[in-house]
Number of protein chains: 4
Amino acid sequence: MLCPRVWRAVRALSRDAAPRWRSFTTTTASTPDLSGIYPPIATPFTASEDVDYRRLEENLHKYAQIPFKGLVVQGSNGEYPYLSEDERLEVVKIVRQNLPKDKLLMAGSGCESTRATLQLTEKMASAGADCVLVVTPCFYKGKMDTSALVHHFTQVADRSPVPVVLYSVPANTGLELPLEAVVTLAQHPNIAGLKDSGGDITRIGLIAHKTSALEFQVLAGSAGFLMAAYCVGAVGGVCALANVLGRQVCELHSLCVSGRWDEARALQQRLIEPNTAVTRGLGVPGLKTAMEWFGFHGGSCRSPLRPLTDAQTQQLRSSFSDNGWI
Amino acid sequence: MLCPRVWRAVRALSRDAAPRWRSFTTTTASTPDLSGIYPPIATPFTASEDVDYRRLEENLHKYAQIPFKGLVVQGSNGEYPYLSEDERLEVVKIVRQNLPKDKLLMAGSGCESTRATLQLTEKMASAGADCVLVVTPCFYKGKMDTSALVHHFTQVADRSPVPVVLYSVPANTGLELPLEAVVTLAQHPNIAGLKDSGGDITRIGLIAHKTSALEFQVLAGSAGFLMAAYCVGAVGGVCALANVLGRQVCELHSLCVSGRWDEARALQQRLIEPNTAVTRGLGVPGLKTAMEWFGFHGGSCRSPLRPLTDAQTQQLRSSFSDNGWI
Amino acid sequence: MLCPRVWRAVRALSRDAAPRWRSFTTTTASTPDLSGIYPPIATPFTASEDVDYRRLEENLHKYAQIPFKGLVVQGSNGEYPYLSEDERLEVVKIVRQNLPKDKLLMAGSGCESTRATLQLTEKMASAGADCVLVVTPCFYKGKMDTSALVHHFTQVADRSPVPVVLYSVPANTGLELPLEAVVTLAQHPNIAGLKDSGGDITRIGLIAHKTSALEFQVLAGSAGFLMAAYCVGAVGGVCALANVLGRQVCELHSLCVSGRWDEARALQQRLIEPNTAVTRGLGVPGLKTAMEWFGFHGGSCRSPLRPLTDAQTQQLRSSFSDNGWI
Amino acid sequence: MLCPRVWRAVRALSRDAAPRWRSFTTTTASTPDLSGIYPPIATPFTASEDVDYRRLEENLHKYAQIPFKGLVVQGSNGEYPYLSEDERLEVVKIVRQNLPKDKLLMAGSGCESTRATLQLTEKMASAGADCVLVVTPCFYKGKMDTSALVHHFTQVADRSPVPVVLYSVPANTGLELPLEAVVTLAQHPNIAGLKDSGGDITRIGLIAHKTSALEFQVLAGSAGFLMAAYCVGAVGGVCALANVLGRQVCELHSLCVSGRWDEARALQQRLIEPNTAVTRGLGVPGLKTAMEWFGFHGGSCRSPLRPLTDAQTQQLRSSFSDNGWI
């Protein structure tokens with residue numbers, strides 16, 4: 001584990017090469033308040049698998065009516081690994097144009113190499129992102145230890161024009177950002193928080209504990225453990241289910257932050273099955289199908305993601321109807 | 001998944017062979033109230049690795065001063081796989097003799113075969129157990145699907161003279177009792193609850209949700225996710241750490257059930273590291289070493305468990321001292 | 001990793017306590033020749049789940065006609081975790097009485113604790129075992145590191161009246177005996193070899209390489225990778241499939257040891273699917289069902305193992321018929 | 001599982017859209033002979049992490065002296081996830097210019113989306129690839145079932161101007177191309193084979209068995225299980241270690257195909273430790289360090305891959321010196 005002393009030394013070495021966050025941190029409100037709910041928005045496609053920007057805008061207009069804290073653009077549910085760089089940037093620009101001023105735009109900019117991540121981070125900021133969500137590189141997972149990941153994220157945060165949110169999503173990457181890496185990186189002035197999609201509630205509580213003296217914020221990466229995450233110290237959530245049941249997820253946030261735990265529990269329990277269905281269970285195709293049922297444009301996915309089978313669609317439907325949402 | 005209808009059919013078939021729980025359930029309070037904290041007590045050994053019954057009794061006298069709901073005898077922390085059947089029964093008898101009347105004695109009686117589990121369950125009840133904790137069989141883990149496990153636990157619960165608590169502990173067994181098995185078994189009148197040591201908080205919330213109409217109680221299997229488990233619907237905890245910091249774990253219970261979540265969070269966060277150290281981190285040797293520091297008899301383990309190295313002892317100590325417990 | 005020097009030191013320390021293998025090794029042929037094929041025999045039960053010793057004997061008479069090197073009694077396929085100690089010993093005695101003099105009886109004697117393993121090892125030797133197969137303890141798998149396992153097996157080998165064969169079967173135990181532990185233990189004069197059921201052929205080749213100067217023999221734990229194991233240095237196999245297609249597995253052995261690799265390949269390829277069906281695919285219930293088809297007594301398993309469903313039986317049959325065995 | 005009938009129907013549906021492989025297969029040698037050894041070449045970088053094309057050429061000149069069947073460009077060891085598309089194509093062009101005419105150029109062209117894979121496949125063919133190596137998409141690993149993967153690879157193979165080699169590398173992708181997908185895809189006339197880096201020798205034998213009537217060739221993805229793979233039916237290997245010990249890996253090929261198994265075994269055993277060191281053990285940084293020792297340009301990796309520590313370098317060196325290679 002890199003202790004703070006080592007980290008400061010690492011930082012000192014890269015100081016000359018990375019002056020930008022310094023100017024950034026001269027603003028009084030260097031660290032944005034991340035608390036609240038974010039849907040990691042889906043990317044609609046046409047029948048020929050092109051990005052359907054018109055339908056995207058229609059979704060954005062509907063989301064503007066829901067008390068979200070902001071939107072995550074190109075989290076895992078946005079099919080970002082299937083988009084070209086041009087498409088990724090264009091989607092962010094469209095979202096920026098359609099997002100109310102008081103909402104936060106968090107854009108995914110993580111790539112496998114540090115160099116590509118740095119380049120995309122700058123472009124995302126130029127396209128209008130308020131902060132960037134940077135996933136752990138994962139292809140060489142056996143080599144992505146604490147040292148390599150601290151180095152990677154430090155390089156990115158040193159040079160990013162906007163605050164960085166760390167992103168750990170082991171279901172997709174096969175890799176969990178180690179706790180000691182999180183705790184070290186939490187001290188960086190340009191790292192604002194962590195989106196944790198792994199769901200290990202003991203770990204989330206410990207991260208909150210070990211970063212409690214810092215301006216570091218933990219976001220739950222799923223509505224399935226959202227209430228429990230608030231309970232142990234998280235301040236918000238990036239929840240696929242918020243694309244479908246946005247008001248309800250925001251209501252769960254309100255109940256938790258106002259200490260109405262009994263009401264929160266009842267609501268949380270009813271959200272688990274639909275949440276599982278649109279995440280681990282049936283993935284992005286499930287999420288997009290459910291979006292259609294609730295008045296949003298979901299549509300098909302890019303290949304190799306396949307449409308749901310009839311049996312899967314029925315299973316998805318049950319997860320909503322069994323809990324009284326349909 | 002076995003639906004309730006199937007389960008009732010299965011039950012009907014085995015009715016004649018298993019009349020005993022019926023008489024049990026003629027008492028008005030058929031399902032015991034499990035809510036509260038239980039230490040899964042360690043088994044002290046002499047230098048020659050024999051059970052040290054005297055030291056066990058001394059521990060019991062100290063535990064009697066702590067507001068536990070009861071004790072778990074021969075959970076994973078009791079090194080039960082290393083005890084002979086005679087030793088297992090003798091330990092239960094000793095605990096029974098030394099346990100205040102108002103406390104619950106929950107004894108582990110799970111074996112690999114159904115037949116052996118039935119026999120040991122009866123003997124545990126005769127030795128004084130108020131209820132039995134039955135772990136999932138696991139050697140043939142590839143075959144232990146929902147159907148096999150529902151059949152196993154139904155056979156045991158049908159014939160057990162005392163209520164059964166299901167026990168899922170994947171870190172030891174490599175097997176999680178499937179959610180659909182839990183939900184089916186929750187309907188059995190002689191199955192009182194589940195000790196879930198896996199720590200998947202989404203699962204715990206969903207189990208609480210799907211069994212909310214039944215007299216079925218969920219116990220967290222670790223102090224690491226205890227507060228989160230209460231938050232989503234659990235009623236108590238079987239926590240290795242309660243062998244060491246028993247009053248503090250009981251205090252966390254009180255804070256949770258009385259809705260003092262902010263105080264609970266602060267306490268919970270300070271318990272995570274010592275808890276990890278005495279469970280996943282350093283196991284039973286770590287637990288026993290820490291017990292010594294807090295006035296209990298821990299001592300050595302049976303071989304092949306090895307004593308802590310000096311580095312491990314130091315690591316254990318830090319996990320307590322960093323959080324202000326030493 | 002324990003280097004040889006450390007191991008010799010460990011041995012020196014325990015010399016006084018463990019004189020027995022010394023007398024054993026005064027015989028000229030201290031290490032038995034393990035090369036060849038062994039069926040890990042199944043345990044037949046009556047309809048009421050009692051051991052059916054008569055049918056066991058009938059199987060033994062049939063096995064006596066097949067050129068096996070010996071029999072493994074109470075490997076994983078013998079449902080040993082479901083047998084009482086008395087039953088385990090009685091089965092070994094029956095096998096001893098019915099086994100031709102020139103065949104080797106290898107009996108499973110591994111228990112979770114070192115003390116119980118030592119006791120059962122002595123009893124197995126008294127009941128007629130020529131050597132014992134000692135599985136890795138696994139309940140506290142997080143603590144079963146190289147140091148703990150080297151200590152455990154050294155204690156057992158020091159005192160065992162008969163040679164010890166190490167047994168690594170991660171599919172059941174969730175634990176692989178570490179390579180460095182194998183290499184250290186291979187130097188013990190009373191440890192004759194390893195049954196490796198994990199199937200990592202790179203590891204098997206490396207173990208053969210690193211023990212090539214010793215009288216240490218590697219047995220493949222499955223017919224699925226038997227030819228490949230010979231190819232990289234194994235000398236035999238303990239193969240569930242040999243309970244069903246014993247002559248064919250022995251033929252594969254002969255082809256490999258006589259260097260007829262092309263014929264061996266054709267036979268090996270036809271054995272993979274039936275082998276998978278009676279091991280990972282359908283387990284002991286699958287093995288016992290297939291035994292019936294080939295003239296042996298298989299019958300039912302002890303609960304919680306369940307009989308095959310019709311669909312599973314059909315799947316099992318296809319795995320044999322598709323490869324021309326039925 | 002898609003049966004051949006379904007596959008033919010799928011093919012029929014897409015016939016009009018995918019005429020190109022038809023013309024390809026009118027050539028007499030429709031399926032290239034893949035048998036032999038390929039180093040998956042590393043990509044040298046300058047100190048500033050730019051591709052060092054001059055050093056790449058120097059490596060190629062040295063490789064031209066070794067009896068390789070061909071080269072794999074942008075397999076996992078080429079750090080392809082860290083290269084831009086322009087860099088990837090430029091590297092292939094350089095290799096093409098420097099490769100003797102009789103050697104095969106296999107270029108990695110797999111991307112996450114089908115559409116991007118198709119585009120890159122065409123570009124790789126234009127840049128001079130004789131065939132393409134297409135890795136399984138993996139980000140949405142929970143959705144990459146047999147159906148999705150058969151659809152993906154069929155789309156790619158239908159339109160690829162050059163033959164396709166399937167690529168399964170679970171250590172990087174967290175996903176194994178299912179056996180039933182391999183067997184279905186093996187029937188496609190434009191799919192020439194599989195590079196299997198998972199190392200499950202039972203699976204490799206079964207794939208060879210089930211595709212024995214087809215012109216489908218299996219390549220071992222590592223020198224660690226190369227001999228065993230030949231033994232059960234593979235015809236060649238794509239081996240990171242061939243970047244370092246190219247002649248020796250080619251010698252192992254020769255010994256295996258000429259049936260000199262005893263000599264092969266002795267050589268194979270000595271290659272396991274160095275192979276593990278430059279693959280699973282120390283990854284691409286280990287491979288590149290070892291290349292320097294043997295006269296090739298390795299150099300540093302792109303970030304976030306980190307250089308070896310001194311202890312790791314020593315460990316790497318031992319793996320070669322312990323086996324007599326240094």
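Chain letters run A, B, ... following the sequence lines, proteins first and then strands; every chain starts at 1.
Proximity to chain A among residues 309-326 of chain B is limited to B/N323, judged by heavy-atom separations below 4.5 angstrom. Contact annotation for residues 235-268 of chain B against chain A (heavy-atom separation below 4.5 Å, listed by residue number): B/W261, B/R265. Among residues 201-213 of chain B, the residues having any heavy atom closer than 4.5 Å to a heavy atom of chain A are, in sequence order, B/I201, B/T202, B/G205, B/L206, B/A208, B/H209, B/K210.
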Would you tabulate the side-chain donor-acceptor contacts of residues 220-228 of chain A under 3.5 Å, counting partners in other chains and residues two or more places apart, or write 'none'?
from: A/S222; atom 1: OG; to: A/G224; atom 2: N; distance (Å): 3.1
from: A/S222; atom 1: OG; to: A/N275; atom 2: ND2; distance (Å): 2.9

